[in-house]
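Take a look at the structure below.
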Amino acid sequence: MKRPDFPKYPDIESLVGPPFVPYGKRSFRINPSYLAARYISDARLHVFDSGLVRWRDGGWKKLSETNVMNELEALSGQICADYDALGIQVSEPELREALQVVKRKAYCGTALQMDPDIIPVSNGVLRWVEAKQDFDFVDYTPEIMVFDRMPIKYDPAATAPQFEAVLQEIIPDA
């Protein structure tokens, strides 16, 4: 096992230690804190009382612990390859320990409630602006906690003549 001349994550190493720690007299094992810190730095991840979520492809997606364990296992293989430590096998208990560190470090408490003044559509969010008495369209950002979206795209140039005709019939006064 050799340390790269220019490690990619020196800030993580300075916080939690090297990626591998001694295990017995002549062997090493992966440092679960390092593995967890690398995983959190690579993925925008939050852990709430209701479960794990990650920002990916323009939206928050719920994750299962099984998915996280599989991703941790893949990341550990990548770390072993980076350090020419291909002989080190990461065990299930070590992955579970790393998962517990991930859950503790990325914990955010109770899940945020969706803003009642927004309508999530497939391509963004319609946000009610009280001053204008109208909606503004904004793209999704990690700050907008939305898990389910309407399956339609917002199109500001769209018209709805049939809908407007029904409204005119029901409410004739402009």
Side-chain angles (χ1 to χ4, degrees), residues 8-16 19 31-79 92 95-174:
K8 295 178 185 174
Y9 299 91
D11 51 332
I12 292 176
E13 283 189 45
S14 67
L15 288 174
V16 298
N31 177 351
S33 295
Y34 180 88
L35 180 58
R38 274 285 303 274
Y39 182 77
I40 291 170
S41 75
D42 292 345
R44 279 196 168 145
L45 181 80
H46 291 304
V47 178
F48 296 108
D49 292 334
S50 58
L52 299 108
V53 295
R54 172 180 41 212
W55 177 261
R56 180 171 277 174
D57 301 327
W60 287 101
K61 309 284 191 268
K62 295 179 181 179
L63 285 171
S64 70
E65 286 188 11
T66 304
N67 288 345
V68 175
M69 291 279 288
N70 291 337
E71 291 172 2
L72 285 169
E73 186 174 34
L75 179 60
S76 68
Q78 179 186 345
I79 293 169
E92 193 75 16
L95 290 173
R96 287 239 168 258
E97 188 178 345
L99 175 64
Q100 293 306 316
V101 175
V102 166
K103 288 168 71 174
R104 183 172 51 82
K105 295 285 187 177
Y107 182 71
C108 298
T110 306
L112 301 174
Q113 297 299 314
M114 189 173 89
D115 183 352
D117 291 335
I118 66 171
I119 299 173
V121 293
S122 65
N123 60 336
V125 173
L126 293 170
R127 184 180 302 276
W128 181 253
V129 180
E130 189 68 37
K132 291 181 6 180
Q133 290 292 300
D134 199 4
F135 288 96
D136 276 347
F137 179 78
V138 294
D139 289 327
Y140 283 109
T141 64
E143 290 74 34
I144 300 172
M145 292 301 280
V146 171
F147 300 110
D148 298 313
R149 306 173 186 184
M150 284 200 243
I152 58 167
K153 287 187 175 185
Y154 171 69
D155 180 5
T159 60
Q162 290 177 330
F163 179 71
E164 290 173 5
V166 170
L167 281 180
Q168 188 63 31
E169 183 180 315
I170 295 171
I171 311 168
D173 186 12

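Sequential numbering from 1 along the given sequence is applied to the chain's residues. Because the structure is predicted, anything quoted here is derived from the model rather than measured.
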Please report the interatomic distance OG1(Thr66) to CD(Glu71), rounded to the nearest 0.5 Å.
11.0 Å
Straight-line distance of Arg44 CZ to Arg56 CZ, nearest 0.5 Å
12.5 Å
Just checking Lys61: does its NZ atom have more than 12 heavy atoms from other residues, nucleotides or ligands closer to it than 6.0 angstrom?
yes
With side chains defined as the heavy atoms from C-beta onward, is the minimum distance between Tyr154 and Ser122 less than 4.5 Å?
no
Taking side chain as C-beta onward, heavy atoms only, is Trp55 less than 4.5 Å from Leu45?
no
Can Met69 and Arg96 be said to form a side chain to side chain contact (heavy atoms under 4.5 Å, CB included), step by step?
CA-CA 7 Å; Met69 291 279 288; Arg96 287 239 168 258; 3.8 Å; yes
Start with the C-alpha distance between Glu13 and Arg38, add both sets of side-chain angles, then the distance that settles salt bridge (Lys or Arg N to Asp or Glu O under 4.0 Å), and finish with yes or no.
CA-CA 10 Å; Glu13 283 189 45; Arg38 274 285 303 274; over 6 Å; no
Under 6.0 Å from the NZ atom of Lys153, do we count more than 12 heavy atoms belonging to anything else shown?
no
At what distance, to the nearest 0.5 angstrom, does CD1 of Ile152 lie from CG of Asn123?
9.0 Å
Would you say Asp117's side chain and Arg127's backbone share a donor-acceptor pair under 3.5 angstrom?
no
Under a 3.5 Å distance rule, please check whether Asn31 uses its side chain to pair with a backbone N or O of Val16 as donor and acceptor.
yes
Does atom CG of Asp148 have more than 12 heavy-atom neighbours, drawn from other residues, nucleotides or ligands, at distances under 6.0 Å?
no
Can you name the closest pair of heavy atoms from Val101 and Ser33 and give their distance?
CG1-CA, 4.3 Å
Would you say the side-chain atoms of Tyr39 pair up with the backbone N or O of Leu72, donor to acceptor, closer than 3.5 Å?
no
For the residue pair Trp60 and His46, does the interplanar ring angle fall in the parallel (under 30°), tilted (30 to 60°) or perpendicular (over 60°) class?
tilted
I need the minimum non-hydrogen distance between Ala36 and Ala98, along with the two atoms involved.
CB-O, 3.6 Å
Side-chain donor-acceptor pair under 3.5 Å between Tyr107 and Asp49, yes or no?
yes
Worked verdict on Leu35 versus Val102 for side chain to side chain contact (heavy atoms under 4.5 Å, CB included):
CA-CA 9 Å; Leu35 180 58; Val102 166; over 6 Å; no
Value rounded to 0.5 Å, distance of CD in Gln168 from CD in Glu164:
9.5 Å
Hey, is CD on Gln162 packed in by over 12 heavy atoms from elsewhere, all under 6.0 Å?
no
Search all heavy atoms of Tyr140 against all heavy atoms of Gly124 and return the closest pair with its distance.
OH-O, 3.1 Å
Can you find a heavy atom in the side chain of Phe137 that is under 4.5 Å from one in the side chain of Pro156?
no
If you round to the nearest 0.5 Å, how far is CG of Leu63 from CG of Asn70?
11.0 Å
Decide yes or no on side chain to side chain contact (heavy atoms under 4.5 Å, CB included) for Val121 and Arg149, but give the supporting numbers first.
CA-CA 5 Å; Val121 293; Arg149 306 173 186 184; over 6 Å; no
Sort out for me which residue in Ile119, Val129, Ile118, Val125 forms a side chain to side chain contact (heavy atoms under 4.5 Å, CB included) with Phe135.
Ile119
Pair Gln100, Glu97 - check side chain to side chain contact (heavy atoms under 4.5 Å, CB included), show working.
CA-CA 5 Å; Gln100 293 306 316; Glu97 188 178 345; 5.8 Å; no
